[in-house]
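Along the sequence shown, the residues carry numbers beginning at 1. None of the values given here were measured: they were computed from a predicted structure. When reading the values below, keep in mind they use all heavy atoms of this one structure, side chains included, and skip hydrogens, waters and symmetry mates.
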Amino acid sequence: MTTPTHTRAHSRPATRRIRPLLVIAPLAAALGALGGLAASSSVFALAGAAGGLVWTALAALLAGPLLRLRDRSTVLPAAVALAAAFITTLTLGAGLVQHLMYPTPEAYLALMRSPASGGATGLYMMINPLLEWLLIPAALTLAWRRSRQRRLLLIGATVYYLQRLTTYLYFAPTVLGWTTTSDAVPLPQVGLWLNLDLARMTLDLAVIVILATTALRRHDQS
């Protein structure tokens, strides 16, 4: 016969597995909704929130196999962190190229309103979800038992998602506003956006340094 003590002991592991999801699910839903709101669409916001919840369910299902794979491969955590650093470098590089080629507000606004802006937009649409939903969470999961790597990755993830928050609340809606209207855009507004974007790039640079340091430093379990 199962005793109450025995039942409680078995329920603790299940509780420990569910508890993180209670935090992750609303954060993932909020991130997805913000992505939709950046396009000024309530439909996209609802779809993004639903996508965040679906992602949480998939992450819960895949976490076990991912951790077992980590136990078989000691280089996997470093490889994922290094891949995340590389992909973040691509976004930083694309932004820097745009600033160098179109340094003035007039030139940058003309670029954003031209068909040429579609290439950069397509690149960001592929890279950003890869980082937000796959590589950064996977790097955190794989390094969780290594306290030094965990601390670094938590700092890096915090900086990265703060950068994404500013993107969804200001940078993306502002640029989309320029491209979806034929009205004149004040050039000081464009100049401010460009200056703030350079500051945003320093966050990307910080994330790259943290991820690369995590990947290349000596592994430990302390």
Side-chain angles (χ1 to χ4, degrees), residues 27-52 83-137 155-213:
L27 289 176
L31 182 63
L34 281 174
L37 285 176
S40 301
S41 170
S42 57
V43 174
F44 286 171
L46 289 173
F86 174 73
I87 297 299
T88 309
T89 303
L90 292 181
T91 64
L92 176 62
L96 284 174
V97 167
Q98 286 184 333
H99 275 272
L100 291 173
M101 293 182 66
Y102 307 93
T104 66
E106 296 90 342
Y108 199 86
L109 180 61
L111 169 67
M112 290 296 105
R113 287 183 157 180
S114 73
S117 66
T121 301
L123 176 68
Y124 293 135
M125 288 179 66
M126 289 187 297
I127 286 180
N128 287 329
L130 180 63
L131 281 168
E132 290 176 29
W133 298 99
L134 181 61
L135 290 177
I136 299 293
I155 294 170
T158 300
V159 174
Y160 176 75
Y161 286 110
L162 282 175
Q163 184 261 68
R164 300 310 301 153
L165 184 64
T166 64
T167 298
Y168 289 137
L169 292 178
Y170 170 71
F171 290 99
T174 302
V175 168
L176 289 173
W178 298 343
T179 60
T180 56
T181 181
S182 58
D183 297 338
V185 177
L187 291 179
Q189 181 188 112
V190 182
L192 174 64
W193 191 98
L194 288 171
N195 291 332
L196 292 176
D197 191 45
L198 289 173
R200 181 175 58 150
M201 288 182 186
T202 64
L203 298 181
D204 281 332
L205 182 59
V207 172
I208 292 167
V209 171
I210 292 171
L211 290 171
T213 301

Distance-only, no hydrogens or angles: does the [X] side chain make a donor-acceptor pair with backbone N or O of [Y] under 3.5 Å?
X      : Y      : value
Tyr161 : Glu132 : yes
Arg113 : Thr180 : no
Thr179 : Leu176 : yes
Trp178 : Met112 : no
Thr181 : Gly177 : no

Exercise. Given Ile210 and Tyr160, is the side chain to side chain contact (heavy atoms under 4.5 Å, CB included) satisfied, shown in steps?
Worked result: CA-CA 10 Å; Ile210 292 171; Tyr160 176 75; over 6 Å; no
Exercise. Checking side chain to side chain contact (heavy atoms under 4.5 Å, CB included) for the pair Leu211/Phe86: CA distance, chi angles, key distance, verdict?
Worked result: CA-CA 9 Å; Leu211 290 171; Phe86 174 73; over 6 Å; no
For this session: Would you check, one step at a time, whether the test side chain to side chain contact (heavy atoms under 4.5 Å, CB included) holds for Gln98 with Asp197?
Result: CA-CA 11 Å; Gln98 286 184 333; Asp197 191 45; 5.9 Å; no
I need the minimum non-hydrogen distance between [X] and [Y], along with the two atoms involved.
X      : Y      : answer
Pro103 : Leu194 : O-CD1, 4.2 Å
Ala157 : Ile136 : CB-CG2, 3.9 Å
Val159 : Leu203 : CG1-O, 3.8 Å
Pro173 : Tyr168 : CG-O, 3.2 Å
Ala172 : Ala38  : CB-CB, 4.0 Å
Leu123 : Ala94  : CD2-CB, 3.7 Å

For the residue pair [X] and [Y], establish whether any side-chain heavy-atom pair is separated by less than 4.5 Å.
X      : Y      : value
Leu27  : Leu31  : no
Thr158 : Leu162 : yes
Leu34  : Arg164 : no
Tyr102 : Leu109 : no

Exercise. Given Leu96 and Leu92, is the side chain to side chain contact (heavy atoms under 4.5 Å, CB included) satisfied, shown in steps?
Worked result: CA-CA 6 Å; Leu96 284 174; Leu92 176 62; 4.1 Å; yes
Point-to-point distance, once rounded to the nearest 0.5 Å, from [atom1] of [X] to [atom2] of [Y]:
X      : Y      : atom1 : atom2 : answer
Leu205 : Gln163 : CG    : CD    : 12.0 Å
Met201 : Ile208 : CE    : CD1   : 11.0 Å
Ile127 : Leu90  : CD1   : CG    : 4.5 Å

Exercise. Is Tyr124 atom OH crowded by more than 12 heavy atoms from other residues, nucleotides or ligands, each under 6.0 Å away?
Worked result: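 Result for OH/Tyr124: enclosed.
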Exercise. Looking only at side chains, do Arg200 and Thr166 share a donor and an acceptor under 3.5 Å apart?
Worked result: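 No, because no side-chain N or O of Arg200 sits under 3.5 Å from a partner of the opposite role on Thr166.
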